[in-house]
Amino acid sequence: MRNASRDGQFRDRMTQTYIEDIARHVGETIVIKGWLYNIRSSGKLIFPQIRDGSGILQCVVFKKAVPEEVWDACQTLTQESSVIVTGAVRADDRAPGGFEMDVTNLEVVSIAEPYPITPKEHGPEFLLDHRHLWIRSKLQHAILRVRHEVIRAVRDYFDSNGFILADTPIFTPAACEGTTSLFEVNYFDDEKAYLTQSGQLYNEATAAALGRAYAFGPTFRAEKSKTRRHLTEFWMVEPEVAYATLDDIMDLAEDFLCFVAARVLANRRPELETLGRDLSKLEAIQKPFPRISYDEAARMLVDGGQAFEYGGDFGAPDETFISSKFDRPVMVHRYPAAVKAFYMKPDPMDPTKALGVDVLAPEGYGEVIGGGERASDLQFLRDQIARHELPEEAFDWYLDLRKYGSVPHAGFGMGIERCVAWMCGIEHIREAIPFPRTIYRTKP
RNA sequence: UCCUGAGUAGCUCAAUGGCAGAGCAUUCGGCUGUUAACCGAAGGGUUGUAGGUUCGAGUCCUACCUCAGGAGCCA
């Protein structure tokens, strides 16, 4: 089996050069395979800009330097036509990116029909209808590359800190946290199945098997949410650690987010600059993150004149108000148990509070991480399941975890798209995933 | 589900209740360094749908449809 990444062996056998490697080929004649991004002409001179997925390269076609059929072919090129160009690479300050190619040959692979996405402005509806083409655009291309970096950093972080990847099922027999927002699947004969809304309960099982485990996969929420922070289908990474407490998991979340931000800054700076991201906002993601209790946060809201009722969960404007008081993510812990999930461990110092934590990102990006310490007492969980009117038979396996060597344990979940949107500084989460699924949109 | 806003050329948008317009895209022509290139010309319309008011409706009224933003809920 060929390995595309190891030592670049796969790449070296290809008869093409990728634009991201162009600086290493100055003075050489190379082949670029891609698509026409834009074209400008000036009589006897044509400037086709070629994109190949790794970057954009400006080419120069001079009428007297190419065969007549190449010149004629250039006249027929339309936006997004696919082409293979051959020529010598040269550094030139006049070219975007600093390098350009003097074309000696151009082969047309396919002439594109009139391309719907022009180099001018478009509205969100039109762009989302053409998402399959929109991702070719410069900004979307940059966002997807940042997303890749975030995911790679997530995996590298856990893989290099003793965690074992143990993915949890997508089809699940029951709700983790209530049934209101579940997608029902009509396939299994015996019982109803639902698309997962969290790997949480299964992670507790894998953590008991592996010590430190994490799951990373798609998650589905049938919430009627219609905001820039919500997707119907999103990706979530969920670490779970046996013998960890709330404080341990807050340390982990803090270290983890700093690692991800540092990696994006280190490896995707050109993309961040393309996106116009204020890099100082990302450089500020440094330990220690402020840690405040729910009670302290509630006092901030009341003192700040916000319309907030003590005892309830924070709304989006509340989160934005709290996070606006800090220049880095803030961790809010010990929420009222009544507003949190049934499996949260009560605070021994104040049983009306749960040992949960939300990490609120700055700049209004909201809750990127939610987690906490899980209840380890069997009878408490039985009571909670009854109190929440959940079917106990659906949780028998989960309760087994408390019968056979129950230990303190904690974990959290991070929404990948919220993190990517935050890193990129983009307005809407739907641009942080290749093909967003929202309440009223399942195409393309 | 609720609140708010928007639907006019392929796209982005103009048009006091009085002739349906512009830029970009497309097609044709011009230009030897373009940077969302520029210059000239041409084609392109059931103004979201259905009613209503009016001498006359893109514009005012009613209902519906679609989309966007927000709330609740959440990552």
Side-chain angles (χ1 to χ4, degrees), chain A residues 37-49 56 58-65 71 75-76 78-80 90 92-98 100 102 112-130 133-134 137-138 176-178 180-181 197-200 218-238 253 307 312-320 339-341 356-361 364-371 412-422 427-430 432-433 438-441:
Chain A
Y37 188 76
N38 198 1
I39 189 164
R40 292 181 271 267
S41 77
S42 179
K44 305 293 179 282
L45 212 48
I46 300 175
F47 299 93
Q49 292 187 338
I56 296 175
Q58 173 160 293
C59 299
V60 185
V61 183
F62 184 37
K63 188 172 185 181
K64 288 180 179 167
W71 181 258
Q75 308 293 326
T76 70
T78 55
Q79 191 183 353
E80 288 300 320
R90 181 166 45 73
D92 195 312
D93 291 339
R94 292 171 295 185
E100 63 184 19
D102 289 317
E113 295 180 20
Y115 192 66
I117 301 178
T118 64
K120 292 280 179 178
E121 293 167 15
H122 300 282
E125 182 181 5
F126 177 81
L127 290 170
L128 286 166
D129 284 342
H130 296 83
L133 302 176
W134 187 23
S137 303
K138 215 177 273 186
C176 292
E177 315 177 18
T180 52
S181 62
Q197 60 180 185
S198 168
Q200 156 68 35
T219 305
F220 308 88
R221 301 274 169 92
E223 294 156 357
K224 301 291 184 194
S225 300
K226 194 178 174 321
T227 80
R228 73 183 75 180
R229 295 178 308 280
H230 287 88
L231 292 170
T232 302
E233 174 185 319
F234 66 98
W235 285 66
M236 186 156 67
V237 61
E238 301 178 276
D313 208 348
F314 299 133
D318 299 327
E319 289 183 354
T320 301
V339 303
K340 287 294 177 184
V357 59
D358 285 351
V359 182
L360 308 181
Y365 283 98
E367 183 184 345
V368 289
I369 283 179
F412 63 78
M414 182 184 79
I416 289 291
E417 289 78 15
R418 284 191 181 175
C419 181
V420 171
W422 171 32
E427 277 292 305
H428 203 298
I429 193 175
R430 65 188 166 211
I433 187 169
T438 52
I439 177 167
Y440 295 130
R441 184 175 288 279

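We name chains A, B, ... by the order of the sequence lines, and we start the count at 1 in each one.
- Checked against ring-ring contact (aromatic ring centres under 6.0 Å, His included), A:W134 has no partners two or more places apart in sequence or in another chain.
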Check: protein-nucleotides 4-10 of chain B nitrogen or oxygen pairs below 3.5 Å:
none

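- Within 4.0 Å (heavy atoms only), A:I39 reaches no atom of the nucleic acid at all.
- The side-chain hydrogen bond (donor to acceptor under 3.5 Å, both in side chains) search around A:R94 returns A:D92, not counting sequence neighbours.
- Look at the C1' atom in both B:A42 and B:C65: the space between them is 36 Å, to the nearest Å.
- Partners of A:Q49 according to the side-chain hydrogen bond (donor to acceptor under 3.5 Å, both in side chains) rule, which considers only residues two or more places apart in sequence or in another chain, are A:Q58.
- The distance from atom CD of A:E223 to atom C1' of B:G70 is 16 Å, rounded to the nearest whole Å.
- The same atom, C1', is picked in B:G44 and in B:C11; the two are 13 Å apart, to the nearest Å.
- Residue A:E238 contributes atom CD, which lies 9 Å from atom C1' of B:A75 at whole-angstrom precision.
- A:L231 comes within 4.0 angstrom of a base, heavy atoms only.
- Distance check, rounded to the nearest 0.5 Å: NZ of A:K63 to CG of A:L45 gives 12.0 Å.
- The distance from atom CZ of A:R90 to atom P of B:G33 is 14 Å, rounded to the nearest whole Å.
- To the nearest whole angstrom, the two C1' atoms, one in B:A25 and one in B:G10, are 7 Å apart.
- For B:G72, the OP1/OP2 oxygens have no side-chain nitrogen or oxygen of A:R221 closer than 4.0 Å.
- Going from the C1' atom of B:U53 to that of B:A63 covers 15 Å, rounded to whole Å.
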Each nucleotide N or O in nucleotides 40-45 of chain B that has a protein N or O under 3.5 Å away: list the pair and distance.
none

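- Looking at residues two or more places apart in sequence or on another chain, you find a side chain to side chain contact (heavy atoms under 4.5 Å, CB included) between A:T438 and A:L231, A:R441.
- Within the 3.5 Å criterion, the main-chain N or O of A:R418 finds no donor-acceptor partner in the side chain of A:R229.
- With sequence neighbours excluded, the residues that form a side-chain hydrogen bond (donor to acceptor under 3.5 Å, both in side chains) with A:T118 are A:H122.
- Look at the C1' atom in both B:A14 and B:U8: the space between them is 10 Å, to the nearest Å.
- A gap of 11 Å separates the C1' atoms of B:G17 and B:G58, to the nearest Å.
- Residues satisfying the salt bridge (Lys or Arg N to Asp or Glu O under 4.0 Å) test with A:E427, not counting sequence neighbours, are A:R228.
- Within the 4.0 angstrom heavy-atom criterion, only backbone atoms of the sugar-phosphate kind lie near A:G315; the bases stay farther away.
- The salt bridge (Lys or Arg N to Asp or Glu O under 4.0 Å) search around A:R430 returns none, not counting sequence neighbours.
- Note on A:E233: nothing from the nucleic acid sits closer than 4.0 angstrom, heavy atoms only.
- Between B:C60 and B:U66, the two P atoms lie 23 Å apart (nearest whole Å).
- Among the protein residues, A:S41 comes within range of the nucleic acid bases, having at least one heavy atom under 4.0 Å from a base atom.
- Within the 4.0 angstrom heavy-atom criterion, no nucleotide atom of any strand lies near A:K63.
- Stacking annotation: A:F47 is not stacked on the base of B:G33 (requires ring centroids less than 5.5 angstrom apart and an interplanar angle below 30 degrees).
- Spacing between atom CD of A:E319 and atom P of B:C73 amounts to 10 Å, rounded to whole angstrom units.
- A pairwise comparison of heavy atoms in A:I117 and A:S137 identifies CG2-OG, 4.3 Å as the closest pair.
- The distance from atom NE2 of A:H230 to atom P of B:G72 is 9 Å, rounded to the nearest whole Å.
- Rounded to whole Å, atom C1' of B:U26 lies 16 Å from atom CD of A:Q75.
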### Summary
Dot-bracket for RNA chain B, 5' to 3', Watson-Crick and G-U pairs with both distances under 3.5 Å, [ ] for crossing pairs, | for partner on another strand, reads (((((((..((((....[..)))).(((((.......))))).....(((((..]....))))))))))))....
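- Here B:U32 is the nucleotide among B:A71, B:U32, B:A75 with the atom lying nearest to any side-chain atom of A:F62.
- A:E319 is linked by a side-chain hydrogen bond (donor to acceptor under 3.5 Å, both in side chains) to nothing, counting only residues two or more places apart in sequence or in another chain.
- Residues passing the salt bridge (Lys or Arg N to Asp or Glu O under 4.0 Å) test with A:D313, sequence neighbours excluded: none.
- The phosphate of B:G69 has OP1 or OP2 within less than 4.0 Å of a side-chain N or O from A:R430.
- In terms of heavy-atom proximity, A:T78 sits nearest to A:A112 at OG1-O, 2.7 Å.
- Comparing B:A68, B:A75, B:U34 by their closest approach to the side chain of A:Q58 singles out B:U34.
- Separating the CE atom in A:M236 from the CD atom in A:E417 is a distance of 10.5 Å, to the nearest 0.5 Å.
- Across all strands shown, A:E417 has no heavy atoms under 4.0 Å from either base or sugar-phosphate atoms.
- When rounded to the nearest whole Å, the span between NZ of A:K44 and P of B:C31 equals 5 Å.
- Among the protein residues, A:D313 comes within range of the sugar-phosphate backbone only, with heavy atoms under 4.0 Å from sugar or phosphate atoms but none that close to a base.
- Residue contacts shown for A:H428 are limited to sugar-phosphate atoms, with no base heavy atom under 4.0 Å away.
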